[in-house]
Amino acid sequence: MESVRQIVTLEQFIIERENEFSFSSGELSQLLRDIGLAARIVNREVNKAGLVDILGITGETNVQGEEVKKLDIFANEQFINALSAGGATCMIASEENEDFIRVNSLVSKNAKYIVMIDPLDGSSNIDVNVSIGTIFSINRRLENMPEPGLADCLQSGMHQVAAGYVIYGSSTMLVYTTGFGVNGFTLDPSLGEFFLSHRNMQIPEKINSYSINEGNYFKFDYPIRRFLAWIKEEEKSEGRPYNARYIGSMVADLHRILLKGGLFLYPGLKDAPNGKLRLLYEANPMAFIIEQAGGKATNGFQRILELTPHELHQRTPLFIGSRKGVEEVESFLKGDVKEHTLALLPNLKYWHPVPEEGGIRPLKLGKANP
Ligand code: FDP
């Protein structure tokens, strides 16, 4: 007899998995549902963005000093509204808002979760019909605090109870983890329902591509430039040269890497030593997902999830993807470069001061990395 393929909706999956949490009271499941709902609404607008007068710049700038487009504002409102109405979060921090928002309704103010969200990542791609996304990170509220506040957001990434992203691409997918593997759901637009399509996602070890804004080349420190030269050298036995693929939407670049294997880099720049990406809204949630899928995420020296955040909109350099690729770039940053790459870029100057412990070690000549 032919076996019947089991169809699982996001809703069914959330219910099935609820018992993974010993302290579960259904609030986290409610949060994931709220995010799913907002994602469907944003998806609808993203899809008709070319048809209605929703594109274009509003003339405002966000707290990062960047232009805010209408769809960013729309997505921000949808996620805040859905999360506030759901009653399962007492506080929301959004990349689009300077400060966090306390949800003060009767049901929400005692809720035990905090949501940090980048409502529309890759927004410079909106006008050109290229994939964009939403990233979210969920913390449990700290105990013994009279009301939710900044300290709840500034917990290290290790304390995330769930994280995920939505990619609005050729199909719309919601991918999330609660620390028990990574699962992906694809939206059937005709039914308005997410279906489990990618169970227990694992990032391939083989580097299919590397992803970096190489236009910043002269702002990169020398170890990064050397690494970029090294990955372009032909060494078939090591799978080099690597292909270059850069969409410029972190969600889309990392979704490809999660499925195909690869490395995403956003290093510190000469004029921005911490790079561009935000620790709480982008690096932490993506690091949680990629680690859960068997990959690695660091700032070049330390695991992203172990960094202690000290401000809401903090930025961090980010090296994330297949374990092998991240370890290769780390070895260059630590100075353990293969000797012959020095011939490619002999200048040993660093842009930034060399930190003592746990930071950049002065370049070690001689033996290649093991
Ligand atoms: P965007 O500014 O378009 O929202 O952090 C946001 C982000 O996009 C990432 O999604 C993307 O990977 C990166 O910035 C692109 O930055 P560059 O334009 O500097 O490459």
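All ligand and atom numbering here is 1-based and tracks the order in the structure. Along the sequence shown, residues are numbered consecutively beginning with 1.
Of all the atoms in ligand 1, the ones that sit under 4.0 Å from a non-hydrogen atom of S123 are 1 (P), 3 (O), 4 (O). Below 4.0 Å from some heavy atom of R278 lie the following atoms of ligand 1, by number and element: 5 (O). Of all atoms in ligand 1, numbered sequentially from 1 with element shown, those under 4.0 Å from a heavy atom of M250 are 9 (C), 10 (O), 11 (C), 12 (O).
Surrounding NZ of K109 are at most 12 heavy atoms belonging to other residues, nucleotides or ligands under 6.0 Å away. In K260, the NZ atom is not crowded: 12 or fewer heavy atoms of neighbouring residues, nucleotides or ligands sit closer than 6.0 Å.
Remark: aromatic rings of F13 and F185 are close, center separation under 6.0 Å.
Between the side chains of N183 and N200, no donor-acceptor pair of N or O atoms lies under 3.5 Å.
Only the side chain of L277 comes within contact range of ligand 1, with a heavy atom under 4.0 Å; no backbone atom does. When non-hydrogen atoms are compared, ligand 1 lies under 4.0 Å from the backbone of S249 (N, CA, C, O) but not from its side chain.
Between R240 and E234, no side-chain nitrogen of the basic residue sits less than 4.0 Å from a carboxylate oxygen of the acidic one, so the salt-bridge criterion is not met.
Under the rule for a side-chain contact (heavy atoms from CB on, under 4.5 Å), the partners of L142 that lie at least two apart in sequence or sit in another chain are M145, A151, D152, Q155.
For ligand 1, the polar-atom distance check against N125 finds no nitrogen or oxygen pair separated by under 3.5 Å. For ligand 1, the polar-atom distance check against N216 finds no nitrogen or oxygen pair separated by under 3.5 Å. The shortest N or O to N or O distance between D253 and ligand 1 is not under 3.5 Å. Taking any N or O of V251, backbone or side chain, none lies under 3.5 Å from an N or O belonging to ligand 1.
The residue from I35, I101, V103 that alone fulfils the side-chain contact (heavy atoms from CB on, under 4.5 Å) condition with L83 is I35.
Comparing heavy-atom distances from atom 2 (O) of ligand 1 across R315, K276, E282 singles out K276 as nearest.
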